[in-house]
Amino acid sequence: MRWQLATIMACAGLLAAGSAAAQQAGTNSAVPPEIPVSAFADYSQLSSAQLSPDGSQFGISLYRDDSTYIAIIDSETREMVTGMNLGDALDLNWFRWVGNDRVLLSMRGVTTREEYPFSRLYLYDLDTQQKHPLETRRMELDGDDVVHIDPEGRYVLTSWAESIRETPAVYRFDLTGDEVPRGVEVQPAHPTIHEYVADNEGAIRIALGASWSGSARLRYRSSGDGDWTTVARSRIDNPETMELWDFMGVRAGSDMGYTIGLPEGGDRRALMEFNFATGEPGRIVFSSPDEDVASVRFDEDNKPISVGYSGDVFRREWLDPQIAEWDRQLELALPDSWVSIQDITPDRSRMLVRQSGPADPGALYVFTPGTNKLDLFAEYRPDIPTTYLSEPQSLRYDARDGTSIQAFLTLPKGREAEGLPLIVYPHGGPYGVRDGNTYEDMVQLLANRGYAVIQPNFRGSGGYGEAFELLGNGEIGRAMQDDLDDAVAHLVAEGTVDPERVCILGASYGGFAAVWGVIRNPEIYRCAASFAGVMHFERQLTYDKDYLFGRNRSRWWEKVDGDQTNFDLDDVSPAVQVARLTRPVLLVHGEEDNVVPFDQYELMVSRAEGAGIELETLTFEEAGHGFSNAQDEEAYFQAVVDFLARHNPAD
């Protein structure tokens, strides 16, 4: 096993030795040479890197030969210690350390009879090399909700229901024995409670519930064995209240925790204290006048140490002075790049640090503050010369209704910014999601091939405040699509692009937007390529009612239909409107997709055949809502490049 995994890591380009050569392969020519498609296609293992609690090791996930692996790396020597082959029956969602000797795995799959997605938890013991499921006799589809992990690795608290018609209970799995862990119920199910939150010592202190009538309530207790009290009530569709019901950081012995929400009278999400005893928000801990607070990181005592917020560039503000100083020193040590502390041990003795940039895939370092030692582990894309890449530019343009839209434009290097071929590349989601000024393989590949690429953060995107996000109400396939078309109009008016050479490409919601773009506006787009795109919204929402709306789906439902009673999702579903298609379409889908199921692809193909419409198609037997191996991802990238060369050649 160790030899096999080491070989896999070497073949994946994960070893740092020799990789610097590609970074030094600069070019003096105006137009850089073509970078091989394979250099962009290797699955990025390093983004999953996590330190063990004592910092002596870190783990990374690997996907090779149709199997999933977890490799355990020695932090000091940066050599592999051991690893585990998770097989190919299930896909890995995530992994987390449980103490220094065990790893908790969230795995996903699809039921064989009804083809519904499900998730399960497994515990892997590094000493015995054994994997055990954390399960009870009866379980619903969602089985990977972790409420608390004991810092010492002694137990895990999980939450799930016995069936999809019931509400969840909380189970404790004791990990101190030698036998297979068995779940013991520690918090019985309640008919109106759907989510539980624990404090930093594992006491269940918060319960969130909702009724079928649409009312929601917050129940709270000051200790793990106290009586529950309902401290707040609201309607699920009340955005002013529900914005604050994103709770975190509750501490033992205190009624204060934290929430990310809208302060009274504000339009930007902020990190605020929250008094659970009264159900009221408290002081603002951090806010930005220009961007929404998007995330918060806590230390082992559930005290916030940093916040992340999204503007043109995602930024992290360290609230802890010591870590802020280390972050400053790391930026000095790695100049002309973005530095991000990806993980940090509870005692702050070791960190994983990522260095990257808008036109730099970046590298992963191990930092030991005690010795001021910064060691390179591996580069994310060792075969891509960064001197060949193009840096995205932030721009704004006015949509047809006057709404200001921010976007990122990446121009091909060494070419005049005039009369260029254009690829419109909308993001997925769509709500609350946005593109940032970060490195992206597809964007850089297309720019390297001579295309300008624009990534509009259309209305409904996150990070620009509540008002902008709510502009997406009822505008799927309509005003949200207008924003994409208006990006083209802006660049045409500027003279940057040739209006006769525009195509549109995307994945998931972006895949829908691409196909819908050529159906709705063939006068704008010459062609479209879609990966894992939604082709029929009603069927997608029947399959997964959370697809568009996530945790607050009831609140967000109005984003689809707004207040317009005449809006029918079929009016913007490509599979329903396929007879209107007159432009070339490349339709790509993974057969193991648990997010947008493969039958969305099959329905579109069937409807197109029935209408006498020809599609170019490509499917991947092992792919899901993304790629699990480099070979499939390379084949997809190559298919897109070839498709564009036929229907919208760059030269």
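Keep in mind that this is a model prediction, so the values were computed, not measured.
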Q: Answer yes or no: is there a donor N or O on one side and an acceptor on the other, between the side chain of S48 and the main chain of S61, under 3.5 Å?
A: yes
Q. Given the rule in the side-chain contact (heavy atoms from CB on, under 4.5 Å) test, do R96 and I149 qualify, once you have shown the distances and angles that lead to the verdict?
A. CA-CA 9 Å; R96 293 173 62 182; I149 295 178; 3.5 Å; yes
Q) Can you tell if the side chain of R354 reaches within under 4.5 Å of the side chain of V339, non-hydrogen atoms only? A) no
Q) How many angstroms lie between atom CG of L51 and atom OG of S75, to the nearest 0.5 angstrom? A) 5.5 Å
Q) Is there a donor in the side chain of D360 and an acceptor in the side chain of Q355, or the other way round, less than 3.5 Å apart? A) yes
Q | Side chain to side chain, V186 and L157, heavy atoms closer than 4.5 Å | A | yes
Q) Can a donor-acceptor pair be found between the side chains of D255 and Y220 at a distance below 3.5 Å? A) yes
Q) Is V443 close to F40 at the side-chain level, that is, under 4.5 Å between some pair of heavy atoms? A) no
Q | Lys NZ or Arg CZ of R251 over Y258 ring: under 6.0 Å, within 45° | A | no
Q) With distance as the sole criterion, is a donor-acceptor pair present between the side chains of Q406 and S394 under 3.5 Å? A) yes
Q) For P53 and G99, which heavy atoms make the closest approach, and how far apart are they? A) CD-O, 3.1 Å
Q) How far apart are the closest heavy atoms of T386 and P361, and which atoms are they? A) CG2-CD, 4.0 Å
Q: For N100 and L126, work out which heavy atoms get closest and say how close.
A: O-CD1, 4.2 Å
**Q.** Short N-O contact, K373 and E76, less than 4.0 angstrom
**A.** yes
Q: Look only at the side chain of D292 and the backbone of R269, and say whether a donor-acceptor pair between them is shorter than 3.5 Å.
A: yes
Q) Which is it for R78 and D375 under the salt bridge (charged side-chain N to carboxylate O under 4.0 Å, His left out) test, yes or no, and what are the steps along the way? A) CA-CA 9 Å; R78 302 177 310 285; D375 294 311; 3.6 Å; yes
Q. Where is the tightest heavy-atom contact between I405 and N457, given as atom of each residue plus distance?
A. CG2-O, 3.6 Å
**Q.** Steps toward side-chain contact (heavy atoms from CB on, under 4.5 Å) verdict (E469, S461)
**A.** CA-CA 6 Å; E469 193 169 335; S461 300; over 6 Å; no
Q.
If you compare all heavy atoms of A71 against all heavy atoms of M80, which two are closest, and at what distance to 0.1 Å?
A. CB-SD, 4.2 Å
Q | R108 CZ to R120 CZ distance, which is reported to the nearest 0.5 Å | A | 14.5 Å
Q | Carboxylate-amine/guanidinium contact D299 K303, below 4.0 Å | A | no
Q) Would you say L446 and N448 make side-chain contact, with heavy atoms under 4.5 Å? A) no
Q: Give a yes-or-no answer on whether the side chains of E440 and Y425 include a donor-acceptor pair shorter than 3.5 Å.
A: yes
Q: Compute the centroid of each ring, for F276 and then for F274, and state whether the two points are separated by less than 6.0 Å.
A: yes
(Q) Return the CD1 to CZ distance between I344 and F367, rounded to the nearest 0.5 Å. (A) 9.5 Å
Q) Is any side-chain heavy atom of V296 closer than 4.5 Å to a side-chain heavy atom of S306? A) no
Q) Is the gap between the ring centers of Y380 and Y439 under 6.0 Å? A) no
Q: Verify the ring-centre separation between F58 and F377: is it less than 6.0 angstrom?
A: yes
Q. If only atom types and distance count, is the side chain of D383 paired as donor or acceptor with the main-chain N or O of A39 below 3.5 Å?
A. no
Q. Strictly by modelled atom types, are Q322 and R348 linked by a side-chain donor-acceptor pair under 3.5 Å?
A. yes
Q: Using the six-membered ring of Y122, assess whether NZ or CZ of K131 lies under 6.0 Å from its centre and within 45 degrees of the ring axis.
A: yes
Q.
Tell me whether R328 is salt-bridged to E331, with the criterion being a basic N under 4.0 Å from an acidic carboxylate O.
A. no
Q) In terms of side-chain heavy atoms, does R350 have a donor or acceptor partner in T368 at a distance below 3.5 Å? A) yes
Q) Just how far is it from atom CD1 of I284 to atom CG of L271, taken to the nearest 0.5 Å? A) 9.5 Å
Q | Exceeds 12 heavy-atom contacts within 6.0 angstrom, atom CG of D347 | A | yes
Q: Under the side-chain contact (heavy atoms from CB on, under 4.5 Å) rule, what do I323 and I341 come out as? Steps first, then yes or no, please.
A: CA-CA 9 Å; I323 304 178; I341 298 175; 3.8 Å; yes
(Q) Keeping S390 on the side-chain end and K413 on the backbone end, is there a donor-acceptor pair under 3.5 Å? (A) yes
Q: To the nearest 0.5 angstrom, please state how far the CG atom of D320 sits from the CH2 atom of W326.
A: 8.0 Å
Q. Would D144 and W94 satisfy side-chain contact (heavy atoms from CB on, under 4.5 Å), going step by step from the backbone distance to the final call?
A. CA-CA 10 Å; D144 66 345; W94 49 260; 3.9 Å; yes
Q. Is a donor on one side and an acceptor on the other found under 3.5 Å between the side chain of R205 and the backbone of S222?
A. yes
Q: Answer yes or no: is there a side-chain heavy-atom contact under 4.5 Å between I73 and V81?
A: no
Q. Would you say the ring centroid of W160 lies under 6.0 angstrom from that of Y171?
A. yes
Q. Can you tell if the side chain of L445 reaches within under 4.5 Å of the side chain of I35, non-hydrogen atoms only?
A. no
Q. Hey, are D127 and R102 close enough for a salt bridge, meaning a charged N less than 4.0 Å from a carboxylate O?
A. no
Q. Is the backbone N or O of Q50 less than 3.5 Å from a side-chain atom of W97, with the two atoms forming a donor-acceptor pair by type?
A. yes
Q. Hey, do the aromatic rings of F458 and H427 have their centres closer than 6.0 Å?
A. yes
Q) Of I60, N85, L92, which is the lone residue that meets side-chain contact (heavy atoms from CB on, under 4.5 Å) with I70? A) L92
Q) Side chains of P151 and H148: does their closest heavy-atom pair fall under 4.5 Å? A) yes
Q. Judged by atom type as modelled, is there a donor-acceptor pair below 3.5 Å linking the side chain of S52 to the main-chain atoms of Q57?
A. yes
(Q) What's the separation between atom CG in L208 and atom CD1 in I206, rounded to the nearest 0.5 Å? (A) 7.0 Å
Q: For R221 and I204, indicate whether the former's side chain and the latter's backbone hold a donor-acceptor pair under 3.5 Å.
A: yes
**Q.** Smallest separation among heavy atoms of A49 and L364, with atom names
**A.** CB-CD2, 3.8 Å
Q | E291 and R434 ion-paired at < 4.0 Å | A | no
Q | Evaluation steps, side-chain hydrogen bond (donor to acceptor under 3.5 Å, both in side chains), between S404 and R396 | A | CA-CA 7 Å; S404 178; R396 280 194 172 271; 3.0 Å; yes
Q. Do the side-chain N and O atoms of E280 and N275 include a donor-acceptor pair separated by under 3.5 angstrom?
A. no
Q: Using the six-membered ring of Y155, assess whether NZ or CZ of R172 lies under 6.0 Å from its centre and within 45 degrees of the ring axis.
A: yes
Q: May I ask you to check whether T82 and Q129 show a side-chain donor-acceptor distance below 3.5 Å?
A: yes
